[in-house]
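Values in this document were obtained by computation on a predicted structure and should not be read as measured data. Residues: numbered from 1 along the sequence shown. Just so you know, ligand 1 is whichever comes first in the structure, and atom 1 is the first atom listed for that ligand.
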Amino acid sequence: MVVNKIKRIGILTGGGDCPGLNPVIRAVTRTAILEYGWEVVGIRNGYKGMYNGDFVELTLDSISGILHEGGTILYSSNKDNLFDYQVEEDGKLVNKDVSDVGVENIRKMGIDVMFIVGGDGTLTSARDFARKGVKVVAIPKTIDNDLASTDTTFGFSTAVDVATEALDRLHTTASSHHRIMVLEVMGRYAGWIALHSGIAGGADVILLPEIPYDIRNVARTIEERKARGKNFSIVVVGEGAKEIGGDITVREIIKDSPDPIRLGGIGIKVASQLEKLCGNETRATILGHLQRGGSPSSSDRILSTRYGVEAVKLAASGKFGNMVTLKGDHMSYDSLENVIGRKSKLVNPNGELVEAAKSMGIGFGDE
Ligand SMILES: Nc1ncnc2c1ncn2[C@@H]1O[C@H](COP(=O)(O)OP(=O)(O)OP(=O)(O)O)[C@@H](O)[C@H]1O
Ligand SMILES: O=P(O)(O)OC[C@H]1O[C@](O)(CO)[C@@H](O)[C@@H]1O
Ligand SMILES: [Mg+2]
């Protein structure tokens, strides 16, 4: 019944891009057209395009060949919050709620349901549009894997693969020069990428935002390796890691971003401390946006396809105001109110994966 009421859907991607966005756009578009006969409109540049009316018709032809492509054909933005948007009034820049303009633009385009793909920020706006009566279905994305309500977000597996390959490469050069190599990875306040890549890449020490460290403990782990004849070490640092009693390392503040703090620099700090304490030459590598660019892994292509198909089915059954989720191996959904109301999903310092790593002799700098 509900299905018949939907003729046209819109889709936008918001926040930092991540591998898997194009497969999601493809899955939503194909399922909407092939299974339900709906028309699909892409909204470009996240919420900015909703405000400017930057729309593009998506067809089977126009989304062909994007499954393996990184980035998003619809572009993205981590600014442009329409509920607090900078506009010029009487020659002055002022912040205003212009969300009604966005709602009116999608109404004029005949869009019945909005598919919104993003992280916590994008989905906060998605919830706010749902509160205004827009029919919304949300799809979670972030390499950080920190969104509550869902087990895994797409983009995460690719980021872990990239970080793991970086660790493999750092291993050989570390060994040749008897050096300590420090790799700083992304993740904001969550250590998922650091923990997973650290285990997959055979790191000797993993420093996570969730487990504050003492640099002397890190140095001791490295010295113990030396005593066993291993005169090189690999340390993975999540960008949000901090010393016991210390603060996160902020690289810059981006004033017009709703989430203005950009982390970075902790890897260099840890490397210089370890050089002094251990005496080995030490180098730091900041992996940065390499983790976000490029082709999605096969598992991310599958996950984003599942999310996209499920999101369309959710809309077809009239379940608006929800985000599709992965629970175990099952696709499900949770209300945007719940998702946004919850705290970020962080690594459990006493969880099975951290304990397993510790059993393998990996140091976390806490003991
Ligand atoms: N508190 C908020 N309320 C309403 N909308 C927001 C809020 N924070 C962010 N947004 C909107 O969401 C967009 C993206 O936000 P953000 O940069 O946090 O990315 P994200 O979707 O959380 O993804 P990620 O953090 O993984 O990059 C912003 O451009 C803005 O339009
Ligand atoms: O794209 P920007 O503004 O450099 O943001 C980088 C941040 O976004 C993320 O890539 C995704 O949230 C984080 O891992 C990182 O801290
Ligand atoms: Mg965010």
Between Trp38 and Phe115, how do the two ring planes meet: parallel, tilted or perpendicular, split at 30° and 60°?
tilted

Would you mind checking which non-hydrogen protein atom is closest to atom 19 (O) of ligand 1, with the distance to 0.1 Å?
Gly15 CA, 3.2 Å

Residues Glu367 and Arg220 bridged, charged N to O under 4.0 Å:
no

Under 4.0 Å between a side-chain nitrogen and a carboxylate oxygen: does that hold for Lys96 and Glu89?
yes

Got the closest protein heavy atom to atom 22 (O) of ligand 1, with its distance?
Asp120 OD1, 2.3 Å

Does Gly119 reach ligand 2, in the sense of a heavy atom lying below 4.0 Å from it?
no

Pairing of Asp366 and Lys358 as salt bridge, 4.0 angstrom limit:
yes

Numbered in order shown, the ligand 2 atoms found under 4.0 Å of a heavy atom of Asn78 are 1 (O), 3 (O)

Salt bridge between Lys135 and Asp112, side-chain N to carboxylate O under 4.0 Å?
no

Rounded to the nearest 0.5 Å, what separates atom CZ in Arg262 from atom CD1 in Ile253?
9.0 Å

Yes or no: does Tyr47 have any heavy atom under 4.0 Å from an atom of ligand 1?
yes

protein heavy-atom neighbour closest to atom 17 (O) of ligand 1 works out as Asn78 CB, 3.0 Å

Can you pull out the closest protein heavy atom to atom 4 (O) of ligand 2? Residue, atom name and distance to 0.1 Å, please.
His289 NE2, 2.8 Å

Heavy-atom contacts with Ser77 under 4.0 Å: which atoms of ligand 1 show up? List them by number with element.
14 (C), 29 (O)

Whether the Ser295 and Arg301 side chains hold a donor-acceptor pair (N or O, under 3.5 Å, no angle test) is what I'd like checked.
yes

Is the contact between Asp80 and ligand 1 made by the side chain, the backbone, both, or neither, using heavy atoms and a 4.0 Å cut-off?
backbone

Option from Asp146, Asp259, Asp120, Thr142 for which side-chain hydrogen bond (donor to acceptor under 3.5 Å, both in side chains) with Arg188 holds:
Asp259

To which of Gln291, Arg188, Arg251, Met186 does the heavy atom nearest atom 8 (O) of ligand 2 belong?
Arg188

Under a 4.0 angstrom heavy-atom cut-off, which atoms of ligand 1 come close to Thr142?
26 (O)

What's the spacing between Leu346 CG and Glu210 CD if we round to 0.5 Å?
5.0 Å

Do the side chains of Glu310 and Lys313 get close enough for a salt bridge, i.e. N-O under 4.0 angstrom?
no

Any N/O/S atom of Asp120 sitting less than 2.8 Å from the Mg ion (ligand 3), backbone or side chain?
yes

Could you grab the distance from atom CD1 of Ile199 to atom CG of Leu167, nearest 0.5 Å is fine?
11.5 Å

Please state which protein non-hydrogen atom is closest to atom 6 (C) of ligand 2 and give its distance, to 0.1 Å?
Arg292 NH1, 3.6 Å

Would you mind checking which non-hydrogen protein atom is closest to atom 11 (C) of ligand 1, with the distance to 0.1 Å?
Gly121 O, 3.4 Å

Given that the side chain starts at C-beta and the backbone is N, CA, C, O, which of these parts of Ile254 lies under 4.0 Å from ligand 2, counting heavy atoms, or is it both or neither?
neither

For Ser99 and Asp97, does a side-chain donor sit closer than 3.5 Å to a side-chain acceptor?
yes

Nearest protein heavy atom to atom 28 (C) of ligand 1, by residue and atom, and its distance?
Lys79 O, 3.0 Å

Protein contact to atom 24 (P) of ligand 1 [nearest heavy atom, distance to 0.1 Å]:
Lys141 NZ, 3.4 Å

Taking NZ, NE, NH1 and NH2 as the nitrogens, is one of them in Asp17 or Lys141 under 4.0 Å from a carboxylate oxygen of the other?
no

Residue Asn81 vicinity, atoms of ligand 1 by number, heavy atom under 4.0 Å
2 (C), 3 (N), 4 (C), 5 (N), 6 (C), 7 (C), 30 (C), 31 (O)

Atoms in ligand 1 with a heavy atom of Gly119 nearer than 4.0 Å
20 (P), 21 (O), 22 (O), 23 (O)

Closest protein heavy atom (residue, atom, distance) for atom 3 (O) of ligand 2
Arg262 NE, 2.5 Å

Any idea which protein heavy atom is nearest atom 27 (O) of ligand 1, and the distance to it?
Gly16 N, 2.9 Å

Inspect the contact between Asp334 and Arg342 and indicate whether a charged nitrogen and a carboxylate oxygen are less than 4.0 angstrom apart.
yes

closest protein heavy atom to atom 21 (O) of ligand 1 is Thr122 OG1, 2.5 Å

Which of the numbered atoms in ligand 2 are under 4.0 angstrom from any heavy atom belonging to Glu239?
13 (C), 14 (O), 15 (C), 16 (O)

Nearest-option assignment for atom 11 (C) of ligand 2, heavy atoms, candidates Ile261, Asp144, Leu263, Ile193
Asp144

